[in-house]
Amino acid sequence: FVSYQVEILDWKTKEQLCFLDKVEPNATIREIRLMFHKLYPRLYPARQSIKLDPKGKSLRDEEILQHLPVGTTATLYFKDLGPQIGWTTVFLIEYTGPLFIYFLFYFRMPFVYGLDERFTSSPHPVVNLACICHSFHYIKRLIETVFVHRFSHGTMPLRNIVKNCLYYWGFAAWLAYYINHPLYTPPSYGKKQINFAVVMFLLCEAGNFSIHVALSDLQRNGSKIRRIPYPTKNPFTWLFFFVSCPNYTYEVGTWISFTIMTQCVPVGLFTLLCFIQMTVWAKDKHCTYLREFKDYPSLRMPIIPFLL
Amino acid sequence: LQHPDISVTDNVLHFRAQGHGAKGDNIYEFEIEFLEPVEPNPVCRVTQRQLNITVQKKESNWWERLTKQEKRPLFLAPDFDRWLDESDAEMELKEKEEEKINKMKIESRVPKDPFRHLKKGYLVMYNLVQFLGFSWIFVNMTVRLFILGKDSFYDTFHTISDMMYFCETLALMEIVNSLIGLVKTPLIPAVLQVFGRIFILFVILGSLEEMQSKPVVFFIFYFWSIIELFRYPYYMLSCIGIEWKPLTWLRYTAWIPLYPLGGLAEAVSIIQSIPIFNETGKFSLELPNPLNVTIPFSFLLQISPIALVLVVFANCRYLYKQRKRHLGPKKRKMK
């Protein structure tokens with residue numbers, strides 16, 4: 001019976017950007033974002049950060065106006081997050097790049113190794129195997145992005161995609177160059193080393209996929225409530241007993257196996273950087289879990305059982 | 001007053017009671033909806049002539065007005081004896097907060113680290129050893145400069161290198177100290193400085209006989225040792241909690257000429273070493289090799305002066321900020 005008035009100020013200059021009259025008390029922040037978007041067509045909702053305090057955190061879409069600590073005339077602050085791009089789009093671009101870049105080197109395009117070596121193929125079977133594994137890895141990631149992953153944030157800033165693509169595509173080119181090089185040296189321990197690596201690779205890929213499926217099942221029905229992930233009947237998910245983010249553990253395992261398979265320093269370097277980045281993410285996730293759930297299993301470590 | 005029914009639901013105060021008034025026995029009631037959320041349990045005190053209801057705000061802050069609606073109910077009048085101005089309210093809040101902070105400080109005082117003496121002792125020893133090492137280097141080089149003049153340039157490496165190897169290898173401990181949080185220095189400047197110096201010392205100078213008899217070695221070692229002459233004693237004293245102002249000033253000012261000069265000398269040494277590395281092919285790795293990687297060492301050397309400039313610039317920027325922090329405030333006070 002009381003309608004609210006909402007004024008939205010710029011977070012830095014504090015000038016009034018818009019004044020909304022007769023807002024329903026049970027209006028959600030999402031509806032307010034849509035109203036703001038009508039006034040400023042360029043600033044679509046994903047780009048708007050609406051907050052109660054100029055230096056505070058952005059309000060979520062689901063928050064309801066009357067439950068916020070505001071009076072009947074609410075003052076909210078707006079910050080432009082810059083052009084945004086959806087997570088799915090980002091992942092699709094990030095992962096298709098390495099897939100095709102590797103092929104440029106595998107099929108020895110003329111400009112890569114010089115005209116004399118164009119379109120030749122390597123005498124080593126391990127090189128073909130490496131191409132199959134590398135492609136399998138990225139195709140699996142693409143399938144997961146489209147069918148399995150559920151993203152909690154809708155978008156990320158556009159400039160991130162340049163950074164991420166440089167990293168993934170650059171490294172893919174660097175390691176593909178050496179693996180498919182005419183002067184490539186196969187692993188020192190021969191077939192034993194390669195077979196071991198292939199088995200490890202397949203196990204880790206299966207594990208990684210199982211974890212992604214398990215995590216996605218947790219958020220079925222589009223519920224935004226967070227729950228603790230637990231092991232299921234799938235033996236690969238039993239790593240959840242020991243680790244908060246087994247998907248990262250399996251991912252590092254995949255790259256270690258690829259390093260062993262190809263015996264190539266650039267691959268090893270990429271594995272090391274992946275490990276460092278994923279450890280940072282895993283620790284972050286682990287801390288969030290500990291904060292949100294009082295009964296979080298105490299045996300679990302972030303990424304490596306018992307160690308890290 | 002009889003049968004009072006007082007409650008707060010959804011930030012609305014409901015009052016209902018039976019009373020004996022001027023017009024006989026009647027049932028009196030009113031409702032007030034508050035501006036902002038309130039605690040749901042009002043405290044009531046009844047006296048002969050009046051009934052006191054105390055309702056607490058959920059959040060302690062200033063309210064523009066009591067009720068949600070903009071018009072004040074006609075029966076509502078403020079009691080100015082208890083009125084708190086906005087500034088009074090703020091003062092009250094501030095006092096309460098200060099009390100809370102003091103309480104927290106006393107209650108949650110972290111139990112003193114039982115190892116703190118050991119840690120301090122280790123840091124003092126480390127800084128002392130480094131100071132002695134670099135003093136030896138500096139004094140030695142200065143004496144030889146006076147005695148031999150320019151000739152001392154050519155065998156600086158031969159006489160000084162052992163001590164310099166020792167000191168710069170020991171300097172790796174500074175990275176460890178920063179990593180485990182023993183020292184407040186951030187990790188990145190420490191890593192850049194130590195690794196930069198180790199690269200110059202072991203790779204550029206140490207691995208090439210030819211480089212070792214070049215005059216640039218003298219300048220590199222001299223600049224490094226003068227800076228450290230001020231840095232280590234300053235750290236040593238600050239561990240014990242003593243501050244000697246002239247030393248602080250030296251530590252945070254000497255870098256201004258010395259870091260760029262040191263960087264220049266290092267860049268010269270790199271450029272001089274490039275042709276020698278090209279000839280011998282040291283540290284270069286070509287295909288095929290079991291590691292399946294190439295190290296274009298010559299190319300990397302040629303672009304390393306750029307990296308060197310960036311590192312020196314980064315360290316200078318860090319020290320400039322530190323200088324403002326340690327030396328700046330005093331200047332303001334003097335004005």
### Message
Looking at B:N289, is its backbone amide N or carbonyl O close enough to the side chain of A:T185 to form a donor-acceptor pair, meaning the two atoms are under 3.5 Å apart?
### Response
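Side chain of A:T185 to backbone of B:N289: a pair is present.
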### Task
Pick one of side chain, backbone, both or neither for B:P290, based on which atoms fall under 4.5 Å of a heavy atom in chain A.
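Contact with chain A involves both backbone and side-chain atoms of B:P290.
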Got more than 12 heavy atoms from elsewhere within 6.0 Å of [atom1], [X]?
X	atom1	answer
B:E286	CD	no
A:E24	CD	no
A:F19	CZ	yes
A:K14	NZ	yes
A:F119	CZ	yes
A:R30	CZ	no
B:K57	NZ	yes
A:F196	CZ	no

### Query
Can you pull out the residues in residues 263-283 of chain A with any heavy atom less than 4.5 Å from chain B?
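So the qualifying residues are A:Q263, A:C264, A:V265, A:P266.
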### Message
For the OG1 atom of A:T262 and the CG atom of B:N292, what is their distance to the nearest 0.5 Å?
### Response
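If I round to the nearest 0.5 Å, the distance is 7.5 Å.
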### Message
Just so I know, are the side chains of B:L287 and A:Y178 near enough to count as touching, which here means a heavy-atom distance under 4.5 Å?
### Response
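Side chain of B:L287 against side chain of A:Y178, heavy atoms only: contact under 4.5 Å found.
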